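As the structure is a computational prediction, the values presented were derived from the model and not from experiment. We number each residue from 1, following the sequence as shown. Side chains included, hydrogens not; waters and symmetry mates left out as well; all remaining heavy atoms used.
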Amino acid sequence: GKPPIGHVLTRVIKDMIPRYRTMKGYMVPRKAGWDTHGLPVELEVEKAADGKTYEPGDTGKYTVIAKCVTEGKTAENVVFTDLMDKKGVLIDEASIKVVLDGEDITEKCEITAKSNTYTIKTNTNLPYGKEMIVTYEAEATERVAGETVTNIVTAKGDNTEPKEDTAQIEVKEPAGQTPAGPPPIIA
């Protein structure tokens with residue numbers, strides 16, 4: 001069907017007035033990431049672990065997938081930030097790998113990792129229809145035994161809003177130990 005008049009009128013005004021002012025010699029600021037139709041460049045991010053439950057000492061494999069979902073646009077200089085909400089999960093910096101459309105671009109990236117968090121500045125643009133995949137390993141230590149660990153990843157481009165996703169894992173109590181509780185009642 002036809003678009004409502006409010007949509008058409010808004011687009012005409014958003015295009016006409018700045019264009020007129022530019023032709024008159026004025027500096028008209030443009031917001032980065034917005035095209036002439038007013039559509040922002042958007043990222044989509046997905047986070048997954050290879051399991052849901054781990055023993056202390058187990059190493060989990062994590063995958064983060066980012067996509068630019070605005071047709072005909074490119075997310076510029078994509079940055080990933082990943083954080084485990086508990087300090088007892090250790091990210092292995094040497095295992096971090098970044099792939100764009102089947103090509104390993106890890107060498108181009110600036111990677112900073114500290115125990116339970118990392119930041120990856122990819123220095124790479126992500127065009128529409130392509131996927132950027134980050135994989136890494138993390139070890140669950142006894143420090144988080146018996147707890148649920150939430151993992152939060154954020155992906156952001158220079159011209160996009162941040163997008164985040166989460167994954168949760170359970171870390172079991174070590175075998176042979178029972179959770180602390182009240183002492184047994186002996187009658």
Side-chain angles (χ1 to χ4, degrees), residues 32-33 40-69 74-127 130-183:
V41 178
E42 271 193 69
L43 280 176
E44 189 176 272
V45 66
E46 220 176 287
K47 172 82 181 188
D50 67 341
K52 296 280 183 205
T53 308
Y54 297 90
E55 299 279 342
D58 284 353
T59 298
K61 292 176 178 29
Y62 291 85
T63 304
V64 178
I65 301 172
K67 301 175 194 171
C68 178
V69 294
T74 298
E76 299 171 357
N77 296 317
V78 177
V79 175
F80 293 93
T81 305
D82 205 329
L83 171 70
M84 303 284 185
D85 72 340
K86 307 258 186 316
K87 291 221 181 228
V89 179
L90 306 176
I91 295 173
D92 178 11
E93 184 175 359
S95 71
I96 297 174
K97 184 176 178 183
V98 185
V99 175
L100 173 62
D101 200 30
E103 178 190 346
D104 187 345
I105 62 166
T106 309
E107 294 297 320
K108 298 177 188 177
C109 301
E110 296 173 42
I111 301 172
T112 308
K114 295 178 188 166
S115 68
N116 67 325
T117 184
Y118 71 75
T119 300
I120 302 172
K121 294 180 182 176
T122 65
N123 301 312
T124 304
N125 297 338
L126 178 58
K130 305 288 182 186
E131 288 185 340
M132 193 174 288
I133 302 171
V134 176
T135 57
Y136 67 93
E137 296 178 354
E139 179 188 348
T141 66
E142 286 199 21
R143 187 172 179 184
V144 290
E147 295 192 45
T148 299
V149 179
T150 302
N151 181 215
I152 305 158
V153 66
T154 305
K156 183 186 180 330
D158 287 350
N159 59 340
T160 71
E161 292 294 318
K163 290 290 182 169
E164 63 177 47
D165 193 23
T166 60
Q168 283 190 330
I169 62 165
E170 298 285 333
V171 182
K172 294 181 180 178
E173 289 286 339
Q177 288 188 357
T178 56

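Lys114 places a side-chain heavy atom less than 4.5 Å from the side chain of Thr117. Contact annotation: the side chain of Asn77 approaches that of Asn125 to within less than 4.5 Å [non-hydrogen atoms, C-beta and beyond]. Side chains of Val171 and Pro56 form a contact here, defined as non-hydrogen atoms less than 4.5 Å apart. With a 4.5 Å cut-off on side-chain heavy atoms, Val149 and Tyr54 do not count as touching. A 4.5 Å side-chain heavy-atom check between Thr124 and Val78 finds every atom pair outside the cut-off. Residues Val64 and Val45 form a side-chain contact, since some pair of their non-hydrogen atoms from C-beta on lies under 4.5 Å apart. Contact check for Lys97 versus Asp104: side-chain heavy atoms found under the 4.5 Å cut-off.
Heavy atoms of other residues, nucleotides or ligands lying less than 6.0 angstrom from NZ of Lys47 number more than 12. Annotation for Lys86: atom NZ counts as buried by contact number, over 12 foreign heavy atoms lying within 6.0 Å.
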Item checked: Residue pair Ile169, Asn151: steps toward the side chain to side chain contact (heavy atoms under 4.5 Å, CB included) verdict -> CA-CA 8 Å; Ile169 62 165; Asn151 181 215; over 6 Å; no
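For the residue pair Tyr62/Asp82, the side-chain donor-acceptor check at 3.5 Å is not satisfied. For the 3.5 Å distance criterion, the side chains of Thr59 and Glu139 fail to qualify, holding no donor opposite an acceptor.
Under a 3.5 Å cut-off, the side chain of Ser95 and the backbone N or O of Glu137 do form a donor-acceptor pair. No donor-acceptor distance shorter than 3.5 angstrom exists from the side chain of Thr166 to the backbone of Ile152, with no hydrogens or angles considered.
Atom NZ of Lys67 and atom CG of Leu43 lie 12.0 Å apart (nearest 0.5 Å). Interatomic distance, CD1 of Ile111 versus CD of Glu93, reported as 6.5 Å (0.5 Å rounding). Atom CE of Met132 is separated from atom CD1 of Ile105 by 4.5 Å, given to the nearest 0.5 angstrom.
The two residues Lys156 and Glu161 come nearest to each other via the heavy atoms CG-C, 4.3 Å.
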